[in-house]
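Note that the structure is a prediction, hence the values are computed from the model and not measured.
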There are 2 protein chains.
Amino acid sequence: MNFVFNERDGCGKCPIRHRAVCARCDEEELAVLEGMKSYKTIAQGEPIIWRGDDLQHISSVVSGIASLSRTLEDGRTQVVGLLLPSDFIGSPGRETVDFDVTAVTDVTLCRFERKSFEKLVHEVPHISQRVMEMALDELNAAREWMVLLGRKTAREKIATFIEMVVRRDNVPIHAGQPHSLPLTREEIANFLGLTLETVSRQLSSMKKDSVLTFSDRRKFTVLDLAALQDATGDDADGGVII
Amino acid sequence: MNFVFNERDGCGKCPIRHRAVCARCDEEELAVLEGMKSYKTIAQGEPIIWRGDDLQHISSVVSGIASLSRTLEDGRTQVVGLLLPSDFIGSPGRETVDFDVTAVTDVTLCRFERKSFEKLVHEVPHISQRVMEMALDELNAAREWMVLLGRKTAREKIATFIEMVVRRDNVPIHAGQPHSLPLTREEIANFLGLTLETVSRQLSSMKKDSVLTFSDRRKFTVLDLAALQDATGDDADGGVII
DNA sequence: CAACAACTTTGACCCAGATCAACTTTATGA
DNA sequence: TCATAAAGTTGATCTGGGTCAAAGTTGTTG
């Protein structure tokens, strides 16, 4: 959502969003916000904000990846979303966050004082419309993910995830293109509702079946896109994430 | 979201929403919409709209319960949300629905022509703000549900679901109050990412443990609320659904 | 009210994925 | 460059919840 400031485009690259919402920046809005912003960088692995913490700022991810997650008392954790450049941390109208936010890679945030941001949401109709669109897109994506979590097999989950990563990289879809995996096996597991061992095994199995190759543990290439898409369990037509 | 018309209050009773968003109706908005609405009733079990269908109307549930779901090719289905009075079917800005919508009980809808509704969203800032708030609330609820689907055990899922139903009924929380279950075992299973047999077994087990009693298969009473809440797997403080 | 259909319960068995454990590979930094 | 840690792989085993099957309930309709 780079209507707020356009250091970075977030157009359709978010793994968890359907429609691009950028490329329609309004100059006046930018001007209003220009004086309000401040930047902050968080190192890989560090918490950005904990569930229940008081929300002083509404921030937008400028670079890097953050995760939204919830951990149950006994340590089971579920990642409920990845925040990529242009995604927001904090919602206007909420005084706390309901999930833990953690820097998956080094993350740079652009922050706005929450009160000012909320004032803006009320005064500039354009902005609430954009936030509305974003929220509706993410709601849709969250629901797609619910289908994955509730009904897909381990292999389908992994295939869906890999396809999402590939799609996000947004390069022409002929094979041979290398992609990089921003998450550890454990983070992938927590995103897919699996264990890290199962993730590892499924990736190995896809290697064995010549669907993927890994040049190193974070870099892979799709050898058989059709097989990958087949393995997602989704209809061929429509219904895709992103 | 009864800002649109207030035949029915939806205040805080939605099982999948955190904050009440009603009780702030604006007279002017009501007046504008008054001429646009039409009603429709759908019988229990009937489809309201299929995924991919062209969205002619934005509708709001007036009475009854509808489900939002996705079915994979081989028949596995996941319910991704329940639509209760005041919830919307269709989003401004979208030309199709991405999930199947089905009447769980008899459902009455109040419908608006989509184009007119969208025009209103653009012209009345108030409305996009409300839709934004709703969408953010539902997004949060969807993420909570992702935690359930990805990480909770069968018993925790059932306990969470029952607690949600009880909470939705919104009566003083001393035991003895009878509640009614609007869904079949199969629908519950599809909502929780389980099979109907597992749902049945878990409910029987909670009966055996004197956490619940059933007076008939759709009516139950909580005997031990503390045990129920304990079994949800959530922290005692905060983090609750609704 | 009989007979059929829809829904629910319960039992027996099985298997996908979790758990536990050993080991390998890669990264970090003194 | 060696030591230690972090991340990943692979194997052996276990188990929660799925699958299959049979009966029991409740509801509906002619």
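- With D:dA7, C:dT8, D:dG17 as the choices, the nucleotide that has an atom nearest any side-chain atom of B:T198 turns out to be D:dG17.
- A straight line from CD1 of A:I158 to C1' of D:dT9 spans 14 Å, rounded to a whole angstrom.
- Atoms OG1 and NZ, on B:T108 and B:K40 in that order, are 11.5 Å from each other to the nearest 0.5 Å.
- Counting only heavy atoms from C-beta on, A:A154 has its side chain closest to C:dG17 among D:dG8, C:dG17, C:dT8.
- By the 30° and 60° cut-offs, the orientation of the rings of A:F161 relative to A:F191 is perpendicular.
- In terms of position on DNA chain D, the residue among A:R151 and A:R201 whose nearest nucleotide sits closer to the 5' end is A:R201.
- The distance between atom CG of B:L181 and atom P of C:dT8, rounded to the nearest whole Å, is 9 Å.
- Atom CZ in B:R217 sits about 10 Å away from atom C1' in D:dG24, given to the nearest Å.
- Projected onto DNA chain C by closest heavy-atom contact, A:T153 and B:E197 fall at different nucleotides, the more 5' of which corresponds to B:E197.
- With B:V101 as the partner, the side chain to side chain contact (heavy atoms under 4.5 Å, CB included) test is satisfied by one option alone out of B:D53, B:L109, B:I49: B:I49.
- Base contact: B:S200 has a heavy atom under 4.0 Å from a base atom.
- Atom CD in A:Q177 sits 12.0 Å away from atom CG in A:L225 (nearest 0.5 Å).
- Nearest-nucleotide mapping onto DNA chain C: of A:R155 and B:L203, the residue sitting toward the 5' end is B:L203.
- When the P atom of D:dG18 is taken as reference, atom CD of B:E186 falls 13 Å away, rounded to whole Å.
- Side-chain proximity of A:T195 to the nucleotides C:dT19, D:dG8, D:dG17 is greatest for C:dT19.
- B:R185 comes within 4.0 angstrom of the backbone, heavy atoms only, and of no base.
- Atom P of nucleotide C:dT8 and atom CG of B:L183 are separated by 10 Å, given to the nearest angstrom.
- Annotation: cation-pi geometry not satisfied between A:R51 and A:F99 (NZ/CZ under 6.0 angstrom from ring centroid, within 45° of ring axis).
- Within 4.0 Å (heavy atoms only), B:G45 reaches no atom of the nucleic acid at all.
- In this structure, the nucleotide among C:dG17, C:dT10, D:dT9 sitting nearest to the side chain of B:S204 is C:dT10.
- Summarising the geometry, the separation between CG on A:L194 and P on C:dT19 is reported as 11 Å, rounded to the nearest angstrom.
- Rounded to whole angstrom, the span from the CZ atom of B:R218 across to the P atom of D:dT25 amounts to 19 Å.
- For A:Q202, the side-chain atoms get nearest to C:dG17 when compared with the rest of C:dG17, C:dT8, D:dT9.
- Distance CZ (B:F214) to C1' (C:dT8): 11 Å, rounded to an integer number of Å.
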